[in-house]
Amino acid sequence: EIVQNIAASVQLRGGMVGGGYKKLAISAVLIYLVWLSLLLNLAKIILRPLWRFLMGSRVPVVVRTPEDRFEGLQRLGYNFEPYYLSIDGGCGTKLPRVHYLDEGPRHGPVVLCLHGEPAWSFLYRKMIPVLVNAGYRVIVPDFIGFGKSDKYTNPDNYTHEMHCFVLRKLLDHL
């Protein structure tokens, strides 16, 4: 329909000159490819969560980094009390254990420090004491898959929604 409208518009102006039909055909193909890619991307967005649900492992395999892997961090300024939270994932499932730091006065203003990839709470080891000395309560979680938190063995288990859910549940807990 789009191609017909373009062709009708061109014919009203007196036809094509110098290979104009070829340019019109190329433009029409490009427009078609753009629309097709948009539709395929939309299908991917809609179908991907369904695919993960149907084809994903029913019981995700979770590993825990042994504590001895974190020995010696005190010498580097990582002298914080570790806290852990197991979050109910619903339907009788538990999400992997989440590690977090909670330093400073319990009723002070809160500073939430979130790391990116591939970092973990160790990133904030020099910032935390400064903020605590200024009277702030500093909360630093390790997202699932990072630092002292548990890790999934299958990368398909990591989703943006899972990280948001875990962060929300951790903040509700605190």
Side-chain angles (χ1 to χ4, degrees), residues 34 36-174:
V34 168
L36 181 64
S37 69
L38 290 173
L39 288 174
L40 290 174
N41 192 38
L42 180 63
K44 181 182 92 171
I45 291 169
I46 293 170
L47 295 176
R48 191 171 195 185
L50 181 63
W51 176 264
R52 284 182 179 162
F53 175 75
L54 294 175
M55 303 308 287
S57 171
R58 295 292 179 225
V59 180
V61 178
V62 175
V63 295
R64 183 168 293 163
T65 305
E67 280 297 318
D68 65 352
R69 303 298 171 125
F70 300 103
E71 289 178 4
L73 292 179
Q74 295 81 11
R75 291 180 302 213
L76 300 173
Y78 193 78
N79 305 315
F80 308 109
E81 181 74 26
Y83 294 95
Y84 296 93
L85 177 66
S86 292
I87 297 174
D88 181 17
C91 299
T93 62
K94 288 278 190 190
L95 289 174
R97 184 179 74 163
V98 178
H99 168 262
Y100 65 97
L101 304 176
D102 189 354
E103 300 288 323
R106 297 293 163 241
H107 299 290
V110 176
V111 174
L112 177 64
C113 298
L114 301 176
H115 65 79
E117 187 177 0
W120 55 294
S121 57
F122 181 77
L123 176 70
Y124 295 104
R125 70 191 180 282
K126 294 185 179 181
M127 239 169 88
I128 294 170
V130 174
L131 292 169
V132 168
N133 289 337
Y136 291 98
R137 178 182 181 187
V138 183
I139 299 169
V140 188
D142 285 337
F143 286 112
I144 291 176
F146 299 90
K148 292 185 174 186
S149 290
D150 290 349
K151 291 121 183 107
Y152 287 117
T153 58
N154 185 345
D156 289 337
N157 293 115
Y158 294 98
T159 64
H160 178 74
E161 294 79 14
M162 182 268 303
H163 287 299
C164 290
F165 178 78
V166 168
L167 184 59
R168 175 65 186 260
K169 290 294 187 179
L170 174 65
L171 294 177
D172 287 347
H173 169 76
L174 295 173

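What you are looking at is a predicted structure, and each value in this text was computed from that prediction instead of being measured.
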*Please state whether the rings of Phe122 and Tyr78 are parallel, tilted or perpendicular, taking 30° and 60° as the class boundaries.*
tilted
Separation between [atom1] of [X] and [atom2] of [Y], rounded to the nearest 0.5 Å:
| X | Y | atom1 | atom2 | answer |
| --- | --- | --- | --- | --- |
| Met162 | Ile87 | CE | CD1 | 10.0 Å |
| Leu95 | Ile144 | CG | CD1 | 5.0 Å |
| Leu170 | Ser149 | CG | OG | 9.0 Å |
| Arg97 | Asp142 | CZ | CG | 11.0 Å |
| Leu47 | Leu40 | CG | CG | 10.5 Å |
| Glu81 | Asp102 | CD | CG | 10.5 Å |

For [Y], does its backbone N or O pair with a side-chain atom of [X] as donor and acceptor, under 3.5 Å?
| X | Y | value |
| --- | --- | --- |
| Tyr84 | Lys148 | no |
| Asn133 | Pro129 | yes |
| Arg125 | Leu76 | yes |
| Tyr152 | Gly145 | no |

Least distance between heavy atoms, [X] atom then [Y] atom:
| X | Y | answer |
| --- | --- | --- |
| Tyr124 | Leu114 | OH-O, 2.8 Å |
| Pro141 | Cys113 | CD-O, 3.5 Å |
| Pro82 | His99 | CB-NE2, 3.6 Å |
| Pro109 | Gly135 | CD-O, 3.6 Å |

When you look at [atom1] of [X], are more than 12 heavy atoms from neighbouring residues, nucleotides or ligands closer to it than 6.0 Å?
| X | atom1 | result |
| --- | --- | --- |
| Lys151 | NZ | yes |
| Tyr136 | OH | no |
| Gln74 | CD | yes |
| Arg69 | CZ | no |

*asked:* Would Phe70 and Thr65 count as a side-chain contact (heavy atoms from CB on, under 4.5 Å) here? Give the steps.
replied: CA-CA 9 Å; Phe70 300 103; Thr65 305; 3.7 Å; yes
*His115 and ring pair (Phe, Tyr, Trp, His ring centres under 6.0 Å): which partner among Tyr100, Trp120, Phe143?*
Phe143
_Derivation and outcome, side-chain contact (heavy atoms from CB on, under 4.5 Å), residues Leu38 and Leu42_ = CA-CA 6 Å; Leu38 290 173; Leu42 180 63; over 6 Å; no
_With heavy-atom distances below 4.5 Å as the criterion, would you say the side chains of Ile139 and Val110 are in contact?_
yes
*Take Val166 and Glu161, measure what side-chain contact (heavy atoms from CB on, under 4.5 Å) needs, and give me the verdict at the end.*
CA-CA 9 Å; Val166 168; Glu161 294 79 14; over 6 Å; no
*For salt bridge (charged side-chain N to carboxylate O under 4.0 Å, His left out), just list the numbers for Arg64 and Asp150, CA-CA rounded to whole Å, side-chain angles, deciding distance to a tenth of an Å, and then say yes or no.*
CA-CA 5 Å; Arg64 183 168 293 163; Asp150 290 349; 2.7 Å; yes
